[in-house]
Undergrad: 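Quick one: the structure is below, questions incoming.
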There are 2 protein chains.
Amino acid sequence: MEIQSAVKALLALAQETRLTVFRLLVAAGPEGMNAGAIAATVGVPAATLSFHLKELLHAGLVVARQDGRYIFYSANFAAMDDLIAYLADNCCQGGSCLPKTAAVAATTKRRRQTA
Amino acid sequence: MEIQSAVKALLALAQETRLTVFRLLVAAGPEGMNAGAIAATVGVPAATLSFHLKELLHAGLVVARQDGRYIFYSANFAAMDDLIAYLADNCCQGGSCLPKTAAVAATTKRRRQTA
DNA sequence: CAATCATTTCCATAAAAATGGAAACATGGA
DNA sequence: TCCATGTTTCCATTTTTATGGAAATGATTG
């Protein structure tokens, strides 16, 4: 992952409404939720939500799929995984890491050996 | 971790210069680096770096310590760990998670049971 | 091909963040 | 104390982002 992609993803998550939406979609699982339902749950006007969804979409953190006249948005779990891996990446050389970060780094290393 | 803290941390990381600085400090380990060395390595004017360091400091992602006439900055590993845990938090119910995220979630769960 | 409902685009406005030169503020050494 | 060096504050400017009403677009049903 290049730094620009990471910045884009972090920027997308670095806003209360968007972080709330993203976490909602993570919790909702692969089916996701349609825009109206998200707006109602989070409590923002449709236009505002649309703006934020576009940001998340553009950052690759969510995915959209049309279903009837609804548009369903769902979290892109792979993107979240990549971002987490990127954050933990050049860590743990000095043994300065804590549990979760170390867990990620261990997984990343295991993968690198396998690949 | 409350959402405002997460947003603050993400916002601090969501900028190319700051993300570069943070990763540099993560790689540098607990000793960290002094401001001038960081500025030289990253290639930004002192005033600009100072601005960005303050952002990272304010977000709790780095820590400062005076050493002679230098000020050393180092990564706050616990903060990074918390942020990663927060991102992976309400995940993995539907089994939709991927390796790194799952590793974090597993560690979080293990801790919760222990605690 | 209406009528209807979901969602997005348009747009103006308001708010927040990034940049870097110059000056101020430490700190340590002569 | 005076000087050199490291770092920060001040400040004006530019750029980016957030907000939400109103109108436009897209999709489905009768």
Undergrad: State, to 0.1 Å, how close A:Lys100 and B:Thr108 come at their nearest heavy-atom pair, and which atoms those are.
TA: CE-OG1, 3.7 Å
Undergrad: Just the rounded figure in Å: distance from P of D:dT28 to CD1 of A:Ile71.
TA: 10 Å
Undergrad: Counting side-chain heavy atoms from CB outward, which of C:dG20, C:dA6, D:dG6 is closest to B:Pro45?
TA: C:dG20
Undergrad: Measure the distance from CG on B:Leu13 to P on C:dA18 and round it to the nearest whole Å.
TA: 12 Å
Undergrad: Nearest to the side chain of A:Arg69 - C:dT8, C:dT19, D:dA27?
TA: D:dA27
Undergrad: To the nearest Å, how far apart are B:Tyr70 OH and C:dG28 C1'?
TA: 10 Å
Undergrad: State whether B:His52 places a side-chain N or O below 4.0 Å from either non-bridging phosphate oxygen (OP1 or OP2) of C:dT19.
TA: yes
Undergrad: Please determine, for the side chain of B:Phe51, which listed nucleotide (C:dA6, D:dT5, C:dA17) has the closest atom?
TA: C:dA17
Undergrad: Looking at every heavy atom in both B:Thr101 and B:Ala88, which two are closest together, and how far apart are they?
TA: CG2-CB, 3.7 Å
Undergrad: For B:Arg65 and C:dT27, give me the distance from atom CZ to atom C1', rounded to whole Å.
TA: 16 Å
Undergrad: As a test of reading the structure: which of C:dG20, C:dT7, C:dT4 is closest to the side chain of A:Ala35, going by heavy atoms?
TA: C:dT7
Undergrad: Which one, C:dT19, D:dT19, C:dT8, comes nearest to the side chain of A:Thr48?
TA: D:dT19
Undergrad: Think A:Lys54 has a side-chain N or O under 4.0 angstrom from the OP1 or OP2 of C:dT9?
TA: yes
Undergrad: Does A:Tyr73 place a side-chain N or O at less than 4.0 Å from the phosphate oxygens OP1/OP2 of C:dT8?
TA: yes
Undergrad: Compare all side-chain heavy atoms of A:Leu87 with those of B:Leu13 and state whether any distance is below 4.5 angstrom.
TA: yes
Undergrad: Specify the separation, in whole Å, of atom CG of A:Asp67 and atom P of D:dT28.
TA: 9 Å
Undergrad: Given C:dT8, C:dA6, C:dT27, which nucleotide is nearest the side-chain atoms of A:Asn34?
TA: C:dA6
Undergrad: Starting from C1' on C:dT7, measure out to CG on A:Leu57 and report it in whole angstrom.
TA: 13 Å
Undergrad: By nearest atom, which of the nucleotides C:dA22, C:dT27, C:dT19 is closest to the B:Ala47 side chain?
TA: C:dA22
Undergrad: So, is B:Gln15 close to the C:dT19 phosphate, meaning a side-chain N or O under 4.0 Å from OP1 or OP2?
TA: yes
Undergrad: How long is the line joining CD of A:Glu16 and C1' of D:dA18, in whole Å?
TA: 13 Å
Undergrad: Would you mind reading off the distance between A:Leu53 atom CG and D:dA18 atom P, rounded to a whole angstrom?
TA: 13 Å
Undergrad: So what does A:Leu11 touch, heavy atoms closer than 4.0 Å: a base, only the sugar-phosphate, or nothing?
TA: sugar-phosphate
Undergrad: Measuring from the side chain of A:Ser50 (C-beta onward, heavy atoms only), which nucleotide among C:dT27, C:dT8, D:dT7 has the closest atom?
TA: C:dT8
Undergrad: Do the side chains of A:Val21 and A:His52 get nearer than 4.5 Å, heavy atoms only?
TA: no
Undergrad: What are the two closest heavy atoms between B:Ala85 and B:Val104, and how far apart are they?
TA: CA-CG1, 3.8 Å
Undergrad: Does A:Phe51 belong to the same Ile/Leu/Val/Met/Phe/Trp/Tyr cluster as A:Val42, with side-chain heavy atoms less than 4.5 Å apart forming each link?
TA: no
Undergrad: Within the 4.0 Å heavy-atom criterion, would you say B:Phe72 contacts the bases, only the backbone, or no part of the nucleic acid?
TA: nothing
